Amino acid sequence: MAAGAGKLLMKTNVVTLFVIVAGMVLLAVHYGGLAWTPVRIAGVAIGVPALMILIRARVDLGSSFAVRPKATALVTTGIYSKIRNPIYVFSALVVAGVFLYMDRPILLWILAAIIPLQVYRAKQEARVLEERFGEEYRSYRAQTWF
């Protein structure tokens with residue numbers, strides 16, 4: 001990767017992180033006045049750790065991150081040593097946490113539509129990675145979850 005492309009990627013990562021954190025702060029402020037029910041507490045207990053792990057997964061993925069399936073590198077370290085698709089897993093948990101924090105558990109039905117799409121995307125990515133990395137990917141897949 002060229003030095004300029006690396007700087008652009010790092011800048012994009014920082015901007016993305018800032019937008020996510022700013023959005024979470026605004027969400028916390030907007031809904032902060034609601035009573036602390038067990039549902040809202042569960043939302044924070046699920047959402048905050050999931051957000052931290054999601055951010056870490058995105059950092060671990062580094063320049064291998066892509067919206068469409070690509071096989072630039074096989075990332076097998078950090079959270080990726082245990083879970084093949086932590087961004088999908090923990091983004092779903094963040095969304096669930098947000099819905100619960102908003103005291104809108106009915107919105108969890110949205111995940112019923114999102115999760116099958118994420119599974120489909122994960123299967124597409126797996127095909128691309130298997131084509132590119134072959135036995136190395138199959139071995140990695142056998143040692144990890146989702």
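These numbers were taken from a predicted model, which means no experiment stands behind them.
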Can you hop from [X] to [Y] via hydrophobic side chains spaced under 4.5 Å?
{"X": "Y31", "Y": "V25", "answer": "yes"}
{"X": "Y137", "Y": "W145", "answer": "yes"}
{"X": "V98", "Y": "W36", "answer": "yes"}
{"X": "I20", "Y": "V29", "answer": "yes"}

Of all the heavy-atom pairs spanning [X] and [Y], show the shortest one and how long it is.
{"X": "A113", "Y": "P116", "value": "O-CD, 3.5 Å"}
{"X": "Y80", "Y": "V75", "value": "CB-O, 3.5 Å"}
{"X": "N85", "Y": "E125", "value": "OD1-OE1, 3.5 Å"}
{"X": "F133", "Y": "L74", "value": "CZ-N, 3.5 Å"}
{"X": "L111", "Y": "A96", "value": "CD1-CB, 3.7 Å"}
{"X": "V94", "Y": "L51", "value": "CG2-N, 3.4 Å"}

field: Side chain S81, main chain G78, donor-acceptor under 3.5 Å
entry: yes
From [atom1] ([X]) to [atom2] ([Y]), nearest 0.5 Å:
{"X": "D60", "Y": "T77", "atom1": "CG", "atom2": "OG1", "value": "5.5 Å"}
{"X": "I46", "Y": "I41", "atom1": "CD1", "atom2": "CD1", "value": "12.0 Å"}
{"X": "R84", "Y": "Y140", "atom1": "CZ", "atom2": "OH", "value": "7.0 Å"}
{"X": "L93", "Y": "L54", "atom1": "CG", "atom2": "CG", "value": "9.5 Å"}
{"X": "T76", "Y": "E136", "atom1": "OG1", "atom2": "CD", "value": "7.0 Å"}
{"X": "L107", "Y": "L100", "atom1": "CG", "atom2": "CG", "value": "9.5 Å"}

Stepwise side chain to side chain contact (heavy atoms under 4.5 Å, CB included) check, V89 with F146: CA-CA 8 Å; V89 171; F146 182 70; 3.6 Å; yes
Using a 4.5 Å cut-off on heavy atoms from C-beta on, say whether the side chain of [Y] contacts that of [X].
{"X": "I53", "Y": "I79", "result": "yes"}
{"X": "Y88", "Y": "R121", "result": "yes"}
{"X": "L27", "Y": "M102", "result": "yes"}

query: Around R56, counting heavy atoms of other residues, nucleotides and ligands shown, do more than 12 lie under 6.0 Å from its CZ?
result: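 Open: at most 12 neighbouring heavy atoms sit under 6.0 Å from CZ of R56.
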field: Heavy atoms from other residues, nucleotides or ligands near CH2 of W109 exceed 12 (cutoff 6.0 Å)
entry: no
- prompt: Would you call E130-R127 a salt bridge at under 4.0 Å N-O?
  reply: no
field: Stepwise side chain to side chain contact (heavy atoms under 4.5 Å, CB included) test for M24 and V48
entry: CA-CA 10 Å; M24 290 298 184; V48 170; over 6 Å; no
query: Y101 ring centre to R40 NZ or CZ under 6.0 Å, with the angle to the axis within 45°?
result: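 Checked: cation-pi criterion met.
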task: I would like to know whether I87 and L61 meet side chain to side chain contact (heavy atoms under 4.5 Å, CB included); could you show each step before the answer?
output: CA-CA 9 Å; I87 289 179; L61 195 56; 3.8 Å; yes
